[in-house]
Amino acid sequence: MAALSPVRGTKDLIFDDARRMRRVADTGRAVAALYGYDEIATPVFEFTNVFARTLGDTSDIVTKEMYTFEDKGGDSLTLRPEGTAGIARAFISNGLTQDLPLRVFYQGPMFRYERPQKGRMRQFHQIGVEVLGIAQPQADIEVIALGAQILAELGLGDRVQLEINTLGDTASRAAYRDTLVAYLSGHKDGLSEDSLARLDRNPMRILDSKDEGDKAVVAGAPVMSDSMNDESRAFFDTVLEGLTALDIPFVLNPKLVRGLDYYGHTAFEFTTTDLGAQGTVMAGGRYDGLIKQMGGPPTPGVGWAAGIERLSMMAGEGTPLPRPVAVIPVGADNQALGLRLAHDLRRAGIAADLAHSGNLGKRMKRANKVGARAAVIIGDDERARGVATLRDMDSGEQSDVPLDGLVETLKAAP
RNA sequence: GUGGCUGUAGCUCAGUUGGUUAGAGCACUAGAUUGUGGAUCUAGGGGUCGUGGGUUCAAAUCCCAUCAGCCACCCCA
């Protein structure tokens, strides 16, 4: 379109867009605080191996979606494609191993080199939470409850659905993987080209293929629960019982798997049908092996991330700016008084608008345009009497208010 | 990365079988209205017709390429 356009898959967030997204992030932060989660902000780029090592060599994110570049010192750096790896790294780097359990909230931009479409950008934004150091399923329940409350406070409670599954512990998962591969290998002629490739790299993902041929094969495939050992089964049961006790509705989805390698046990997604093919709005699970894999002490973890763009597209209007009071000095002699008055209002916590020029009519128009709740008019007549004309911009009613009581009067008015 | 659809003013869109200075509504600016906004009327500003090339006497219109957006796949937030 224009000669100067933003990089593909990036977007300028102007005013309303920014406010909508800020509302999502603010809601997330505020609700997380109710659960005792404090904010952590890690850099937007890391050494490449922070992601390459943790996300799995076969994941799409690592193989084709990372923004990786070499800096002037020759180090390979990568713009973070997700938040968990950076937080795990920060946990180790900062010696937070002494402060377990740790509950954190984060928020910020992520980067993935993908083909953009609605609800999918190359730079997008996420909110997320992580709990480190709690191996019990209570943490899974807590994290899901927290996510559900954020969605509810955004007004999305009945437009999303919680889908949940368990991937089991390492032993269960390995056992299942073997039986699954054995089964699928016997049905190779029914599988799509994509799935044949997945058979080696990540056979679990064939389970949620959209290919009709694959679906037919998968329909007869062995299910995860049959390979589950007692510990894994008990863990998952506790999670489900907790959700039920909290009246958080869910549907079991045995085909729900994770794209990233570090997940085990609980996997869940909040999904919607409102965003076309981009149905996932919040997704997470348990990742007990991650910290150790990165070189830290064995530390269990569970968390989720949610797409701010996707949520804000569903959540509607952002938080509006406060309606200002328009300060309108009439005549050159009263400009200084107007400036002083606007200054006093602002310092008292009242939003004030002061036009840079114009006569009374023009300034009234501006007051209307900026949505002022009231106009304070000060001309020679008012100044001589030590008052200002206060006009309610909604009702049109006017009254005289003493100048020295103006701030208090406006503070009291809603 | 693969396939399909679409690009005309800030926004939503018209523009006939190719034809001369590319239009409308909304928005914006000014005036009607020199101490009173919203409504109305009038006038005005604003366009490399996504970009580059080609065909033609002539291209917003036809052809090719490219870029971007959208949709589906892959995958995901």
Side-chain angles (χ1 to χ4, degrees), chain A residues 1-11 14 21 24 28 55 58-65 80-84 107-128 147 160 192-195 197-198 201-202 205 208-212 214 257-260 269-272 275-284 304-314 326 328-331 334 353 355 358-382 389-398:
Chain A
M1 205 182 254
L4 282 178
S5 56
V7 173
R8 184 172 205 190
T10 67
K11 189 172 185 293
I14 297 174
M21 289 183 49
V24 172
L55 302 181
T58 60
S59 73
D60 275 35
I61 287 184
V62 171
T63 54
K64 63 180 198 188
E65 293 178 2
R80 62 181 183 192
E82 56 97 50
T84 304
Q107 159 276 125
M110 306 291 166
F111 306 85
R112 292 182 197 173
Y113 190 86
E114 292 190 278
R115 184 100 166 234
Q117 53 186 96
K118 197 185 210 74
R120 165 186 282 172
M121 304 287 291
R122 288 186 175 178
Q123 175 177 341
F124 61 106
H125 299 76
Q126 288 185 330
I127 55 174
V160 297
S192 67
E193 213 171 299
D194 281 335
S195 288
R198 286 187 279 224
R201 290 184 291 125
N202 198 339
R205 250 190 267 158
D208 65 352
S209 171
K210 289 174 187 169
D211 181 87
E212 289 304 323
D214 289 347
V257 294
R258 290 267 68 109
L260 307 181
E269 291 182 2
F270 284 89
T271 60
T272 179
L275 297 176
Q278 275 62 246
T280 304
V281 116
M282 177 182 286
W304 52 253
I308 296 181
E309 281 86 353
R310 291 183 184 179
L311 290 176
S312 70
M313 275 190 284
M314 295 177 70
I328 302 183
V330 181
N334 297 305
D353 180 81
N359 57 24
L360 177 58
K362 187 153 293 186
R363 286 174 188 257
M364 284 300 290
K365 273 190 181 177
R366 176 180 166 81
N368 191 59
K369 203 175 102 178
V370 299
R373 62 185 168 105
V376 171
I377 301 165
I378 30 180
D380 294 339
D381 171 52
E382 282 89 349
T389 296
L390 177 62
R391 181 183 178 87
D392 183 310
M393 292 297 285
D394 294 324
S395 68
E397 286 170 21
Q398 293 193 173

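In what follows, chains carry the letters A, B, and so on, assigned in the order in which the sequence lines appear, proteins first and then strands, with residues in each chain numbered from 1. In this text, all values refer to a predicted model and were calculated from it rather than measured experimentally.
Residues A/R80 and A/M110 form a side-chain contact, since some pair of their non-hydrogen atoms from C-beta on lies under 4.5 Å apart. A/R122 has its side chain within reach of A/P116: a pair of non-hydrogen atoms, C-beta onward, lies under 4.5 Å apart. Under the 4.5 Å side-chain criterion, counting only non-hydrogen atoms from C-beta, A/M282 is not in contact with A/R310. Within the 4.5 Å cutoff, side-chain heavy atoms of A/I127 are placed close to those of A/W304. Within the 4.5 Å cutoff, side-chain heavy atoms of A/P109 are placed close to those of A/H125.
When Watson-Crick and G-U wobble pairs are counted only if both distances are under 3.5 Å, B/G31 pairs with B/C41. In a base pair of the Watson-Crick type (N1 to N3 plus N6-O4 or O6-N4) or a G-U wobble (N1-O2 and O6-N3), with each distance short of 3.5 Å, B/U2 is matched with B/A72. Across all strands shown, nothing is found opposite B/U48 as a Watson-Crick or G-U wobble partner with both distances under 3.5 Å. Of the nucleotides present, none pairs with B/U16 by Watson-Crick or G-U wobble criteria with both distances under 3.5 Å. With a cut-off of 3.5 Å on both Watson-Crick or G-U wobble distances, the partner of B/A22 is given as none.
Taking 4.0 angstrom as the limit, A/R112 places a side-chain polar atom (N or O) nearer than this to OP1 or OP2 of B/A77. The shortest distance between the side-chain N/O atoms of A/K362 and the OP1/OP2 oxygens of B/A30 is below 4.0 Å. For A/R8 and B/A68, the shortest distance from a side-chain N or O to OP1 or OP2 is below 4.0 Å.
Of the C1' atoms belonging to B/G38 and B/U33, the separation is 14 Å, rounded to the nearest Å. As rounded to the nearest Å, B/G31 and B/A68 have P atoms that lie 44 Å from one another. Taking the P atoms as reference points, B/A39 lies 35 Å from B/C71, given to the whole Å. A distance of about 16 Å separates the P atoms of B/A60 and B/U55, rounded to the whole Å. Nucleotides B/C62 and B/G19 place their P atoms 11 Å apart, quoted to the nearest Å. Of the P atoms belonging to B/C26 and B/U40, the separation is 9 Å, rounded to the nearest Å.
Residue contacts for A/G371: at a heavy-atom cut-off of 4.0 Å it reaches no nucleic acid atom on any strand shown. Counting any heavy atom pair closer than 4.0 Å across all strands shown, A/E269 reaches no nucleic acid atom.
In this structure, A/T10 and A/H125 both approach RNA chain B, and ranking their closest nucleotides by distance from the 5' end singles out A/T10.
When all heavy atoms are compared, the tightest approach of A/G358 to A/R363 is O-NE, 2.7 Å. Of all the heavy atoms in A/F124 and A/F111, the pair that sits closest is CE2-N, 4.2 Å.
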Checklist entry - Once each nucleotide of nucleotides 34-47 of chain B is scored for protein heavy atoms under 4.0 Å, what B/S/- sequence comes out, 5' to 3'? => result -BBBB---------
Every protein N/O lying under 3.5 Å from an N/O of nucleotides 71-73 of chain B:
unit_1, atom_1, unit_2, atom_2, d
B/C71, OP2, A/K118, N, 2.5
B/A72, OP1, A/A277, N, 3.2
B/A72, OP2, A/Q117, NE2, 3.1

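Using a distance-only test at 3.5 Å, with no hydrogens or angles considered, no donor-acceptor pair links the side chain of A/R8 to the main chain of A/R115.
Between the NZ atom of A/K118 and the CE atom of A/M313 there is a distance of 6.5 Å, given to the nearest 0.5 Å.
In this structure, a donor-acceptor pair under 3.5 Å is absent between the side chains of A/S192 and A/D211.
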